[in-house]
Student: 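Structure provided below as structure tokens; questions to follow.
In what follows, chains are A, B, ... by sequence order, proteins preceding strands, each numbered from 1.
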Amino acid sequence: MSEEIPKAYQPGEVETQWYARWLDSGCFRGDETGAKPAYSIVIPPPNVTGILHLGHVLNNTIQDILARRARMEGKDVLWLPGTDHAGIATQSKVEQKLRKEEGKTRRDLGREVFLEKVWEWKEEHGGIIISQLKRLGCSCDWTRERFTMDPAYSRWVAKVFVDLFNDGLIYRGKRMVNWCPKSLTALSDEEVIMKAQKSKLYTMRYRVAGEKNRWVEIATTRPETLMGDTAVAVHPKDPRYADLIGKSVIRPFPEAEIPVVASEHIDMEFGTGVLKVTPAHDKADFEIGLKHDLPILDVLNPDGTLNALAGPEFEGMDRFEARVKAAEKLEAMGQLVKVEDYENNVGYSERADVPVEPRISMQWFLKYPCVEEAAAAVASNAIHFRPERWKKTFAHWMEGIQDWCISRQLWWGHQIPVWYRKEKAGELRERESLDATSAGADLRVGIDPPADEENWTRDEDVLDTWFSSWLWPFATMSDSDAESSETLKKFYPTADLVTGPDIIFFWVARMIMAGYRWRGCLPFQNVFFTSIIRDKKGRKMSKQLGNSPDPLDLMAEYGADALRFGLMRIAPTGTDVKFDEDQIVEGRNFANKLWNAARYRQMQDAPVAIGPLDFGSLSIYSLDILARLDQLENDLRLAYEDYRFNEIAQLLYEFWWSHYCDWYLESTKGDFAADADPAARASTLATMDLVLKRFLLLLHPFMPHLTEELWEKIGYRGEHGPAFLMQTPLPSESVLAGADLAAVLEARDRVAAVYEAVGRARNLKAEYGLGANKGVKFIVDPEEGSFPEATVFARLAGAGEVVVTPGYEAAKGVPAALTGIGKIYLPLEGLVDVAAERERLGKELAKANDELKKVNAKLANENFVTRAPEEVIGEMKERRKHWQARVGEFEKMIGNLGS
RNA sequence: GCGCGAAUAGCUCAGCGGUAGAGCAUCUCGUUUACACCGAGGCGGUCGGGGGUUCGAAUCCCUCUUCGCGCACCA
């Protein structure tokens with residue numbers, strides 16, 4: 001049943017082997033017909049273009065821990081995985097490849113052929129991140145893996161579009177949107193990242209029309225757009241310019257007379273208090289333009305170059321080059337007053353990382369549904385955000401919520417399910433606004449194409465990728481045509497969502513609204529926001545910096561379990577985490593420690609047979625470790641309730657390494673000696689098995705492969721139990737059930753005293769440079785007349801001999817320590833350096849005196865004595881007694897040293 | 001500008017009203033029934049500064065400093 005275990009743990013093969021066995025046995029399958037309570041998570045779908053980074057590792061390890069723990073708590077668990085199609089990222093990746101390999105653009109191929117290429121690419125590379133998640137040990141139900149472009153999923157997306165259109169929540173209009181000149185598409189507000197920018201503030205002057213030599217000075221950061229100026233604006237109450245309102249100024253090039261208008265929006269303090277108004281290229285200017293009925297003069301091409309309206313010398317020039325050129329031209333004309341360094345915020349495209357261009361274009365927009373329900377759900381903790389402070393961020397966004405630009409000028413994605421009758425298409429496409437009421441019979445908005453498709457033209461745009469992922473929790477579990485499904489009934493709403501706070505608006509908020517809109521209820525009960533992983537210096541991980549270690553390398557070197565455990569131990573709830581590879585080394589070391597403790601148990605070579613323990617026959621050390629295990633189980637339960645994963649990891653680590661290995665295992669080694677009492681050996685072994693077995697169960701969610709391996713190797717699986725540790729329920733009864741609790745408490749006190757004494761003895765040895773000396777003799781004058789733990793004490797303290805002598809009168813100069821079990825003497829004939837010992841004891845005495853003083857000061861404070869709670873005062877009195885006794889003893893010992 | 005975090009041992013972080021902790025690093029010892037990916041022992045902190053509340057503050061409040069993150073149309 002049990003096998004021999006190698007000396008150092010080699011995770012590589014163990015991990016891949018177990019993962020394959022779990023998969024083969026269908027261990028991850030979520031049973032929608034099961035009778036047990038349901039627990040479900042949907043994975044935040046990674047991009048098909050993605051490769052695993054540490055953020056994924058953190059995020060998915062947490063989900064795996066939750067899923068595995070839930071299974072062991074006796075639930076039917078579904079962890080539903082999948083990927084999303086990542087419109088912009090995937091399309092540009094394939095375009096890039098096309099350019100490199102064939103020197104072609106997507107337009108050279110045409111839409112249909114290009115999309116075939118993207119699918120090919122997806123088939124080839126889209127599975128990478130999935131295989132990496134498998135390497136990590138994720139217990140997802142892969143039989144239910146979904147992709148946002150799956151046919152069934154796509155029908156959901158279309159259905160949702162149609163629903164919203166029919167409700168009047170989706171409309172089309174010509175609006176100012178964020179335009180990415182690199183990806184050549186509109187973006188939503190959320191996809192624009194404001195970045196502080198070192199730029200220049202140009203002050204230029206425009207001549208006032210019809211007046212001799214009168215100029216107005218205007219400050220701008222974007223002189224390259226002045227060709228699109230159609231007005232100049234001042235504050236209506238600005239006395240400097242009051243008389244200008246209604247007059248005109250001369251735009252320098254292309255030369256034109258443009259009006260001076262008044263606008264409340266102008267900040268009189270800023271620059272010169274005069275704003276150039278370029279309605280086509282600035283959102284605020286656009287608003288002013290609307291109010292004053294100004295012409296909209298678009299001087300930019302979609303790719304960010306200037307067009308013919310900017311004038312022949314600028315046509316075709318890139319916007320940043322044009323900025324320099326425009327300033328030069330102004331200077332040549334004598335109209336550039338000054339140029340200053342200036343820091344401002346510029347919006348960047350999240351994906352393409354170039355400055356976005358505000359641009360007027362025809363786009364589809366969504367007025368969000370179920371905003372109130374969503375906001376209320378989070379406010380009331382019906383959906384519980386952890387850490388809670390993200391509630392505020394969420395609420396703030398929900399309050400100021402803006403319509404969502406959902407159309408993208410891409411090919412890869414869900415094409416908008418709108419068809420225009422061919423002969424009307426031209427007109428319909430240009431119509432300023434289009435909604436359910438104004439549409440008419442020349443427009444079809446439907447899940448399926450019209451029957452006479454040949455007479456229709458489909459809208460070319462696709463939908464924002466997030467417009468599909470916001471349906472993820474239910475669209476992965478059911479078909480859009482069916483009312484519901486078995487899976488949905490069993491597993492929706494899901495229990496936990498684990499994701500990063502960076503997508504709280506992109507994804508979390510929208511999923512909540514979608515959940516209410518199409519399922520009539522919340523999509524998940526808890527949202528756990530993970531930390532952002534930074535490098536050791538606190539910088540964000542990025543490819544450019546090269547500071548992002550490849551998790552696969554880490555797993556190859558240390559094992560997936562080590563990576564999981566190491567990361568979880570430092571992952572705080574609520575703040576960023578600085579990654580340090582040493583933490584993963586610790587994870588590996590911990591795995592090895594467990595491995596070897598298990599190996600040690602194997603070396604005792606006794607069959608595994610865990611029956612009920614006979615508590616009466618257990619040693620005090622066994623009772624103590626059982627009590628600690630009991631405590632651990634309680635602490636873990638509480639920590640799980642609050643999702644304090646770092647604490648769980650720390651508790652497991654501490655229990656095993658410090659309490660079990662350092663103390664319990666060492667203090668029971670005597671029971672396995674050749675001449676040991678067989679009864680003691682048997683009861684210690686039984687305790688060891690019980691503790692190890694339970695510990696493997698408790699650790700399993702964090703280190704699934706290693707625990708499963710040991711479970712089998714040691715032979716804990718048993719004849720009739722489940723085939724795998726991962727399927728084994730956590731016992732609900734305490735390991736101490738049926739024990740005499742008073743006896744346990746007594747044992748624990750005694751063990752604490754023995755261990756303390758061991759510490760003092762080791763201390764004494766080290767003080768005299770005998771740390772490694774095994775032949776040392778100790779004399780113990782026991783507190784209670786006898787010292788039955790002398791043998792264990794000798795072993796732990798590394799003593800050759802322990803003589804128990806009640807009332808022992810030490811000769812002068814013998815070093816001694818005062819402990820809970822009595823006085824310990826280290827007789828060192830001829831070795832004692834009296835001066836050194838006096839110094840050492842002197843230090844001890846000083847420390848005791850310090851503590852005593854502190855306590856006395858407190859107790860002398862009348863305010864303290866009258867106001868502090870009774871138990872605190874009682875504790876202080878105890879402390880005083882303790883330190884008083886110690887002071888007395890040390891004084892006596894020093895006296896004993898003689899002179 | 002508004003809002004939210006963070007600042008504790010050389011490093012990474014716990015602790016969040018009642019005697020300042022862990023791991024790593026460092027120093028000294030050490031192969032005794034697993035483990036050198038190990039064991040034992042040390043060194044190391046006016047808990048960012050300043051005020052306040054309290055019998056008592058790393059912990060609660062105010063303020064300042066530094067860093068990070070959201071949100072915001074100052075051109």
Student: Does this structure show an ion pair linking A/Lys198 with A/Asp341, if we count only N-O contacts that are shorter than 4.0 Å?
Tutor: no

Student: From C-beta outward on A/Phe505, which listed nucleotide comes closest to its side chain: B/G70, B/A34, B/C24?
Tutor: B/G70

Student: Does NZ or CZ of A/Arg569 lie under 6.0 Å from the centre of the six-membered ring of A/Tyr653, at an angle within 45° of the ring axis?
Tutor: yes

Student: Round to a whole Å and report the spacing from CD of A/Glu871 to C1' of B/G18.
Tutor: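 Going from CD in A/Glu871 over to C1' in B/G18 covers 10 Å.
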
Student: Got a donor-acceptor pair under 3.5 Å from the side chain of A/Lys578 to the base of B/A6?
Tutor: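 Flag unset: no donor-acceptor pair detected.
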
Student: Below the 4.0 Å mark, does B/G41 have OP1 or OP2 next to a side-chain nitrogen or oxygen of A/Arg762?
Tutor: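 Yes, because at least one side-chain N or O of A/Arg762 sits under 4.0 Å from OP1 or OP2 of B/G41.
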
Student: Measuring from the side chain of A/Asn344 (C-beta onward, heavy atoms only), which nucleotide among B/C35, B/A75, B/G18 has the closest atom?
Tutor: B/A75

Student: Could you tell me how far apart A/Gln197 (CD) and B/A75 (P) are, to the nearest whole angstrom?
Tutor: 12 Å

Student: Using the ring centroid of each side chain, check whether A/Phe702 and A/Phe590 are separated by less than 6.0 Å.
Tutor: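 No - the distance between ring centres of A/Phe702 and A/Phe590 does not fall below the 6.0 Å cut-off.
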
Student: Any donor-acceptor pair under 3.5 Å between the side chain of A/His265 and the base of B/C73?
Tutor: yes

Student: Just by distance, with hydrogens left out, do A/Trp397 and A/Glu190 show a side-chain donor and acceptor under 3.5 Å apart?
Tutor: yes

Student: For A/Phe385, does the six-membered ring have the charged nitrogen or CZ of A/Lys391 within the cation-pi criterion, i.e. under 6.0 angstrom from the centroid and within 45° of the normal?
Tutor: no

Student: May I ask you to verify whether the side chain of A/Arg389 and the base of B/C4 hold a donor-acceptor pair under 3.5 Å?
Tutor: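 No, no donor-acceptor pair under 3.5 Å.
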
Student: Using the C1' atoms only, state how far B/A9 lies from B/G56, rounded to an integer number of Å.
Tutor: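 The same atom, C1', in both gives a distance of 25 Å.
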
Student: Suppose you measure atom C1' in B/U12 against the same atom in B/G17; what distance do you get, rounded to whole Å?
Tutor: 27 Å

Student: So, is A/Tyr202 close to the B/A75 phosphate, meaning a side-chain N or O under 4.0 Å from OP1 or OP2?
Tutor: no

Student: Can you find an N or O donor on one side and an acceptor on the other, under 3.5 Å apart, linking the side chain of A/Glu654 with the base of B/A14?
Tutor: no

Student: Could you check which of B/C73, B/C24, B/C35 has an atom nearest any side-chain atom of A/Asn592?
Tutor: B/C35

Student: Which one, B/A75, B/G41, B/G18, comes nearest to the side chain of A/Asp267?
Tutor: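 The closest nucleotide is B/A75.
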
Student: Is the base of B/C4 touched by the side chain of A/Lys392 through a donor-acceptor pair closer than 3.5 angstrom?
Tutor: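 Between B/C4 and A/Lys392, which were checked side chain against base, a qualifying N/O pair under 3.5 Å is absent.
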
